[in-house]
Peer 1: 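Here it is, the structure, as structure tokens.
Index from 1, following the sequence. Predicted model only: the values in this text are computed from it and were never measured.
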Amino acid sequence: MVKVGILGVGTVGASVANILETNADILEARAGKKIVVKTGVVKNLSKDRGVSIKLSDNPMDIINDPEIDIVVELMGGVEEPYILVKKALENGKAVVTANKALLAYHRYELQEIAGDIPLMYEASTAGGIPIIGALRNGLTANHIQSIQGIMNGTTNYMLTKMINEGALYDEILKEAQELGYAEADPTFDVGGFDASHKLLILASIAYGIDAKPEDILIEGIENITQTDVAFAKEFGYEIKLLGIAKKVKDGVELRVHPTMIPASSMIAKVDGVMNAVSVVGDSVGETMYYGAGAGGDATASAVISDIVDIVRGNHGPMLGYKKPLESGMDLLFESEIVTNYYLRMSVVDQSGVLAKITKELEKFNISIESMLQKPHRDDELVKLLFTTHACQEEKIQEAIIELKRLDCVHGDIAMIRIEK
Ligand code: HSE
């Protein structure tokens, strides 16, 4: 028999405890041993968790219990779980964590501390989708050329409702919270940070990149308007919050931002809380993974897959390699990214304005691909929306600064990157 302790019996923890109990027979058959939860740890013992396991409010009841073989960390946060996971590993216990923030900051130290002790984290990225297993095992033959996907269920749920139903941002965020998709602090979701944590985990497995969230480009969905949505529809795009890791000539691009993608692409059709990740390998070509990216049972499914792998003795190096990966995998600066761009600005409705704007863009060698002008309802301004051919991020950022200086341009200029 294998005994498990769960640190944090919230939505996911309760699902883990309940599925381990309800599906005990099939899990014993698959793992070869009976798996039992001995203790769950919570902060507030008076709250009903909907589980039948023994609860404690002292994490040491798990960490220091010699009978517990596997510690499942589902607490959230970074520093407290780091200390506890470290202690659990030092005590020789295998660890399963769903904590992407912990891994975004401490995965390399934890790998070092874990050594040969299993430290598994399937549930940290894209909820129930077995993307970590796919990258660590299934695609191990490949140089990974790109990873691109919807890695946050809350924002995909929000964008889908905003785009398909014209729903209001605040109302739809509240709904996502009530459905248990959103992080405790939902700015993690809408600001793109949650997706960045997941992207960093995937980029470590694929490229061995040791970056932190502050090292990469992260933009959220806060500034997307119905104007952008309508433009995207008219020009054959969908807007999705994507995590993108791309190997290019000089290194690897890592970025999270709202992205216009062709409406005909598979990822564009992924709606609601669902996540989808496309991985391109040099041997296999494109592979695609789709499923629930949030929610108690879906995430618990991934947690339990790790527990079973550990019981089977089926783990391996935490990040999937025992020696450094190939060279030339340095993180590129944001300014070096090359892509297409959409710009939205308000300009005065007078002759010569377009010429001034295109002249400014010409200075940076930026070429316009398509353009749309929409009158504002109540004033003398018009909305000018256009897309550019591919150019370097540095150029578009400089051009935006210069455009904002023009008298004919009013207010901020919004920019959304395009991936073709
Ligand atoms: N808040 C996350 C999401 C949960 O919405 O995808 C899963 O990490």
Peer 1: Backbone N or O of G272 within a donor-acceptor pair of the N156 side chain at under 3.5 Å?
Peer 2: yes

Peer 1: Where do K233 and I163 land on the side-chain contact (heavy atoms from CB on, under 4.5 Å) test, with the steps shown first?
Peer 2: CA-CA 9 Å; K233 270 196 186 143; I163 292 168; 3.9 Å; yes

Peer 1: Determine, stepwise, if the pair N137 / T140 fulfils side chain to side chain donor-acceptor pair (under 3.5 Å).
Peer 2: CA-CA 5 Å; N137 306 318; T140 197; over 6 Å; no

Peer 1: Return yes when atom CZ of R49 has more than 12 non-hydrogen atoms of other residues, nucleotides or ligands closer than 6.0 Å, and no otherwise.
Peer 2: yes

Peer 1: Is there a side-chain contact (heavy atoms from CB on, under 4.5 Å) between L403 and L361? Walk through the geometry before answering.
Peer 2: CA-CA 8 Å; L403 286 170; L361 290 172; 4.1 Å; yes

Peer 1: Less than 4.5 Å apart, side chain to side chain, heavy atoms only: is that true for K420 and T339?
Peer 2: no

Peer 1: Under the side-chain contact (heavy atoms from CB on, under 4.5 Å) criterion, do I396 and F364 qualify, and how do the steps go?
Peer 2: CA-CA 8 Å; I396 201 88; F364 295 95; over 6 Å; no

Peer 1: Test your reading of the model: is there a side-chain donor-acceptor pair from N18 to the backbone of G50, 3.5 Å cut-off?
Peer 2: yes

Peer 1: Give me the atom names and distance for the closest heavy-atom approach of A298 to A292.
Peer 2: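 Residues A298 and A292, closest heavy atoms: CB-CB, 3.7 Å.
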
Peer 1: Under the 3.5 angstrom rule, does the side chain of D330 hit a backbone N or O of G251 as a donor-acceptor pair?
Peer 2: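 No: the side chain of D330 does not pair with the backbone of G251.
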
Peer 1: Can you tell me how far CG of L20 sits from CG of N23, rounded to the nearest 0.5 angstrom?
Peer 2: 8.5 Å

Peer 1: What is the distance from atom CG of L200 to atom CG of L103, rounded to the nearest 0.5 Å?
Peer 2: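 CG of L103 is found 10.5 Å from CG of L200.
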
Peer 1: side-chain hydrogen bond (donor to acceptor under 3.5 Å, both in side chains) with T259: which residues, sequence neighbours excluded?
Peer 2: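 side-chain hydrogen bond (donor to acceptor under 3.5 Å, both in side chains) check on T259 returns H257.
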
Peer 1: Could you please spell out the steps behind the side-chain contact (heavy atoms from CB on, under 4.5 Å) verdict for E394 and F333?
Peer 2: CA-CA 10 Å; E394 188 176 23; F333 292 115; over 6 Å; no

Peer 1: When you check the side-chain N and O atoms of K374 and T227, is any donor under 3.5 Å from an acceptor?
Peer 2: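 Result is no, nothing qualifies.
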
Peer 1: What's the shortest heavy-atom distance between V256 and G192, and which atoms?
Peer 2: CG1-O, 3.6 Å

Peer 1: Please say which of E419, E336, E393 ends up in a salt bridge (Lys or Arg N to Asp or Glu O under 4.0 Å) with R255.
Peer 2: E419

Peer 1: Sequence neighbours excluded, which residues qualify as side-chain hydrogen bond (donor to acceptor under 3.5 Å, both in side chains) partners of E360?
Peer 2: K363

Peer 1: Going from CD1 on I218 to NE2 on H197, what distance comes out if it is rounded to the nearest 0.5 angstrom?
Peer 2: 6.5 Å

Peer 1: Would you check if there is a donor-acceptor pair between the side chains of R107 and S204 at a distance under 3.5 Å?
Peer 2: yes

Peer 1: Tell me whether D215 contacts the main-chain N or O of K212 through its side chain, where contact means a donor paired with an acceptor under 3.5 Å.
Peer 2: yes

Peer 1: With the side chain counted from C-beta on, respond yes when M1 and E67 share a heavy-atom pair under 4.5 Å apart, and no when they do not.
Peer 2: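 Side-chain contact under 4.5 Å: no.
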
Peer 1: Flag the pair Q226 / M162 as yes when at least one side-chain heavy-atom distance between them is below 4.5 Å, and no otherwise.
Peer 2: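 They are in contact (side-chain heavy atoms under 4.5 Å apart), so the answer is yes.
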
Peer 1: Taking everything shown except K404 itself, do over 12 heavy atoms lie less than 6.0 Å from its NZ?
Peer 2: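 Buried by this count: over 12 neighbours within 6.0 Å.
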
Peer 1: Are any of the side-chain heavy atoms of I63 and L7 separated by less than 4.5 Å?
Peer 2: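 Of all side-chain heavy-atom pairs linking L7 with I63, at least one is under 4.5 Å.
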
Peer 1: Quick one: CZ on R344 to CG on L385, what's the gap to the nearest 0.5 Å?
Peer 2: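 Going from the CZ atom of R344 to the CG atom of L385 covers 8.0 Å.
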
Peer 1: Could you state the interatomic distance from CG (L110) to OH (Y82), rounded to the nearest 0.5 Å?
Peer 2: 5.5 Å

Peer 1: Are the side chain of D282 and the backbone N or O of N142 linked by a donor-acceptor pair below 3.5 Å?
Peer 2: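 Looks like no, no N/O pair under 3.5 Å.
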
Peer 1: Please find the pair of heavy atoms, one from D189 and one from A182, that lie closest to each other, and give the distance.
Peer 2: OD2-CA, 3.3 Å

Peer 1: Of all heavy-atom pairs between A211 and I216, which one has the smallest distance, and what is that distance?
Peer 2: CB-CG2, 4.4 Å

Peer 1: Around atom CD of E362, are there more than 12 heavy atoms from other residues, nucleotides or ligands closer than 6.0 Å?
Peer 2: no

Peer 1: Hey, are the side chains of R30 and R312 touching, using non-hydrogen atoms and a 4.5 Å cut-off?
Peer 2: yes

Peer 1: So which of R417, E369, H389 actually passes side-chain contact (heavy atoms from CB on, under 4.5 Å) with Y341?
Peer 2: R417

Peer 1: Taking the basic N atoms (NZ, or NE/NH1/NH2) and the acidic carboxylate oxygens, is any pair closer than 4.0 Å for E402 and R405?
Peer 2: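 So E402 pairs with R405 through a salt bridge.
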
Peer 1: Look at the side chain of D297 and the backbone N and O of S15, then say whether any donor-acceptor pair between them is shorter than 3.5 Å.
Peer 2: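 No.
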
Peer 1: Donor-acceptor pair, K93 side chain versus D65 backbone, under 3.5 Å?
Peer 2: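 Present.
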
Peer 1: The criterion is side-chain hydrogen bond (donor to acceptor under 3.5 Å, both in side chains); which residues satisfy it with K395, sequence neighbours excluded?
Peer 2: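 Result, side-chain hydrogen bond (donor to acceptor under 3.5 Å, both in side chains) vs K395: none returned.
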
Peer 1: Using only atom types and a distance under 3.5 Å, with no angle test, would you say the side chain of K269 pairs donor to acceptor with the backbone of A263?
Peer 2: yes

Peer 1: Using a 4.5 Å cut-off on heavy atoms from C-beta on, say whether the side chain of I239 contacts that of I224.
Peer 2: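 Yes; the side chains approach each other to less than 4.5 Å.
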
Peer 1: If we ignore hydrogens and angles and just use 3.5 Å, is the side chain of N152 paired with the main-chain N or O of D194 as donor and acceptor?
Peer 2: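 Side chain of N152 to backbone of D194, a donor-acceptor pair under 3.5 Å: no, none is there.
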
Peer 1: Per the side-chain hydrogen bond (donor to acceptor under 3.5 Å, both in side chains) rule, which among Q111, E79, E112, K86 passes with H106?
Peer 2: E79

Peer 1: Which pair of heavy atoms, one from I201 and one from S124, lies closest together, and at what distance?
Peer 2: CD1-OG, 3.6 Å

Peer 1: Is D271 salt-bridged to K240, going by a charged N under 4.0 Å from an acidic O?
Peer 2: yes

Peer 1: Which pair of heavy atoms, one from P258 and one from I221, lies closest together, and at what distance?
Peer 2: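 Smallest heavy-atom distance, with atoms named: CG-CA, 4.3 Å.
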
Peer 1: Quick check on side-chain contact (heavy atoms from CB on, under 4.5 Å): which of N275, I205, T125 does I131 satisfy it with?
Peer 2: T125

Peer 1: Working to the nearest 0.5 angstrom, can you tell me the gap between E214 CD and F193 CZ?
Peer 2: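 Here the rounded value is 10.0 Å.
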
Peer 1: Stepwise, does the side chain to side chain donor-acceptor pair (under 3.5 Å) test hold for T187 with D185?
Peer 2: CA-CA 6 Å; T187 53; D185 174 358; 2.6 Å; yes

Peer 1: More than 12 foreign heavy atoms under 6.0 Å from CG of D116: is that the case here?
Peer 2: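 At most 12 heavy atoms, drawn from other residues, nucleotides or ligands, come within 6.0 Å of this atom.
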
Peer 1: Going by heavy atoms in the side chains, are F231 and M260 under 4.5 Å from each other?
Peer 2: yes

Peer 1: Answer yes or no: is there a donor N or O on one side and an acceptor on the other, between the side chain of E73 and the main chain of V95, under 3.5 Å?
Peer 2: no

Peer 1: Measure the shortest side-chain to side-chain distance between I144 and K247 over non-hydrogen atoms and say whether it is less than 4.5 angstrom.
Peer 2: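 SC-SC contact between I144 and K247 ruled out.
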
